[in-house]
Amino acid sequence: MSALKILVIPGSLRIGSHNAKLAAQAGYVFAQAGVDVTRISLGDFSLPIYDGDLQSRSGVPKNAINLKRMMAAHHGVLLVTPEYNSSVPPLLKNAIDWVSRVQDPHEIRGQVFRERPFAIASASEGRFGGARALAALRLILSACQAIVIPNQFALSFADQAYDDMDRLRKEADIEGLKALVRQLIDVSQRTM
Ligand SMILES: Cc1cc2nc3c(=O)[nH]c(=O)nc-3n(C[C@H](O)[C@H](O)[C@H](O)COP(=O)(O)O)c2cc1C
């Protein structure tokens, strides 16, 4: 059997992003488990705000097709989202919207989500750690017919959660992240 491949996508481009740090920590946990892990930046797949007229005129942008193919080349995907006004920030939602419109030859539209494993995590400086964004993201991915694993991880008080090497300080946070990683590995192995 080929090595399990997992893609990690942080939903923030901000310098010093709490979510990018969490995505990096998740990457280390996957690597320690022997997973072939890829962590990308949505900054390398920049996309215009979804516009049906633009799609009619010019088709789906190349970056959306590239992002879709990147997702398809992995057995599972971890999305790490900030919370904006109790929901998923436009950067990540827009990427999902465009990718859901991609239709490669011999595929149905949005096939990269269908019955494929996704895990979700969030980080915010607040008490709830972005849990409302996770609820919104779970709904979005479920509507795309993804398998969203039951476990999820919300990192509260993210501004105090990392040490000066950007590692998680608290054992409870480390264990929460590891549990999420383990479940995505399990589900991805069963569906690969
Ligand atoms: C427009 C906007 C709305 C926000 N709404 C929320 C919110 O509803 N809940 C929350 O916990 N944090 C909220 N925040 C704070 C973000 O969680 C915080 O900026 C976080 O650091 C962003 O993630 P990042 O560090 O990965 O960039 C909001 C920030 C912005 C810019």
Side-chain angles (χ1 to χ4, degrees), residues 1-12 19-42 45 64 66-83 87-89 92-93 95-100 102-104 106-123 128-156 168 171-192:
M1 199 187 280
S2 58
L4 187 73
K5 295 175 75 168
I6 298 287
L7 182 65
V8 179
I9 308 179
S12 173
N19 287 275
K21 289 180 192 173
L22 187 58
Q25 292 305 298
Y28 294 128
V29 180
F30 280 117
Q32 279 168 353
V35 168
D36 185 353
V37 62
T38 312
R39 184 160 44 93
I40 60 169
S41 166
L42 289 176
F45 297 86
N66 290 342
L67 181 56
K68 179 263 173 187
R69 290 180 184 165
M70 176 69 82
M71 290 164 67
H74 292 77
H75 301 105
V77 178
L78 168 63
L79 299 175
V80 188
T81 185
E83 180 171 279
S87 193
V88 178
L92 183 56
K93 178 62 164 60
I96 293 171
D97 288 344
W98 272 120
V99 167
S100 74
V102 175
Q103 184 170 20
D104 267 325
H106 314 298
E107 286 188 358
I108 50 176
R109 200 171 55 203
Q111 183 151 325
V112 76
F113 292 105
R114 287 174 184 247
E115 294 174 35
R116 303 193 73 239
F118 284 74
I120 55 176
S122 61
F128 302 113
R132 293 165 299 188
L134 289 184
L137 184 54
R138 183 174 289 279
L139 187 66
I140 293 162
L141 293 170
S142 300
C144 294
Q145 299 187 33
I147 301 168
V148 190
I149 65 167
N151 215 335
Q152 61 186 31
F153 179 65
L155 179 67
S156 313
L168 288 168
E171 202 51 43
D173 290 336
I174 295 167
E175 286 309 315
L177 186 61
K178 281 185 176 169
L180 181 73
V181 162
R182 271 197 303 271
Q183 195 172 59
L184 183 60
I185 291 173
D186 281 354
V187 175
S188 302
Q189 276 170 335
R190 274 186 259 137
T191 55
M192 74 190 279

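Because the structure is a prediction, the values reported are computed rather than measured.
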Asks: Do any N or O atoms from the side chain of Thr38 and from the backbone of Leu7 form a donor-acceptor pair under 3.5 angstrom?
Replies: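 Between the backbone of Leu7 and the side chain of Thr38 there is no qualifying donor-acceptor contact (under 3.5 Å).
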Asks: Can you name the closest pair of heavy atoms from Leu22 and Ala123 and give their distance?
Replies: CD2-CB, 4.2 Å
Asks: Show, in sequence, the C-alpha distance, side-chain angles and deciding distance for Arg69 and Asp104, and conclude whether the side chain to side chain contact (heavy atoms under 4.5 Å, CB included) test is met.
Replies: CA-CA 9 Å; Arg69 290 180 184 165; Asp104 267 325; 2.5 Å; yes
Asks: Do you know which two heavy atoms are closest between Ala131 and Ser122, and how far apart they sit?
Replies: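 Minimum heavy-atom separation between Ala131 and Ser122: N-OG, 4.1 Å.
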Asks: Is it the case that the side chain of Glu83 and the backbone of Arg132 share a donor-acceptor pair, with hydrogens and angles ignored and the cut-off at 3.5 Å?
Replies: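 Side chain of Glu83 to backbone of Arg132: a pair is present.
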Asks: Report the C-alpha distance between Leu42 and Leu67 in whole Å, list the side-chain angles of each, state the deciding distance to 0.1 Å, and finish with yes or no for side chain to side chain contact (heavy atoms under 4.5 Å, CB included).
Replies: CA-CA 9 Å; Leu42 289 176; Leu67 181 56; 3.9 Å; yes
Asks: Do Asp97 and Lys93 meet the salt-bridge criterion of a basic N to acidic O distance under 4.0 Å?
Replies: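 Asp97 and Lys93: salt-bridged.
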Asks: Is there a donor-acceptor pair closer than 3.5 Å between any side-chain N or O of His74 and the backbone N or O of Lys5?
Replies: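 No; zero donor-acceptor contacts below 3.5 Å.
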Asks: Would you call Ile140 and Val88 a side-chain contact if the rule is heavy atoms closer than 4.5 Å?
Replies: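 Yes, their side chains come closer than 4.5 Å.
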Asks: Can you see which heavy atom on Pro89 is nearest to which on Pro82, and at what distance?
Replies: CD-O, 3.2 Å
Asks: Can you check whether Ala172's main-chain N or O pairs, donor with acceptor, with Glu175's side chain at less than 3.5 Å?
Replies: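 Side chain of Glu175 to backbone of Ala172: no pair is present.
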Asks: Over all heavy atoms of both residues, which pair between Phe118 and Leu184 is shortest? Give the atoms and the distance, please.
Replies: C-CD1, 4.0 Å
Asks: So which atom in Leu141 and which in Leu79 form the shortest heavy-atom distance, rounded to 0.1 Å?
Replies: CD1-CD1, 3.9 Å
Asks: Working note: Val187 + Ile147, criterion side chain to side chain contact (heavy atoms under 4.5 Å, CB included); need CA distance, chi angles, decisive distance, verdict.
Replies: CA-CA 9 Å; Val187 175; Ile147 301 168; 4.3 Å; yes
Asks: If every non-hydrogen atom of Met192 is compared with every non-hydrogen atom of His75, which pair is closest and at what distance?
Replies: CB-CD2, 3.4 Å
Asks: Give the C-alpha distance, both sets of side-chain angles, the deciding distance and a yes or no for side chain to side chain contact (heavy atoms under 4.5 Å, CB included) between Phe153 and Leu134.
Replies: CA-CA 9 Å; Phe153 179 65; Leu134 289 184; over 6 Å; no
Asks: Does Glu115 reach the side chain of Thr191, with side-chain heavy atoms less than 4.5 Å apart?
Replies: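 Glu115 vs Thr191: side chains apart.
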Asks: Has Arg138 got a side-chain atom pairing as donor or acceptor with Pro150's backbone, closer than 3.5 angstrom?
Replies: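 At least one qualifying donor-acceptor pair exists.
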Asks: Quick check: do Val181 and Ile185 have side-chain heavy atoms less than 4.5 Å from each other?
Replies: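 Yes, at least one pair of side-chain atoms sits under 4.5 Å.
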Asks: State, with a plain yes or no, whether a side-chain heavy atom of Thr81 is found less than 4.5 Å away from one of Ile120.
Replies: no
Asks: Atom NZ in Lys68, atom CH2 in Trp98: separation rounded to 0.5 Å?
Replies: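 Nearest 0.5 Å value for the NZ-CH2 distance: 16.0 Å.
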Asks: Within the structure provided, determine whether Leu155 and Leu168 are in side-chain contact (heavy-atom separation under 4.5 Å).
Replies: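 The answer is yes; the side chains approach within 4.5 Å.
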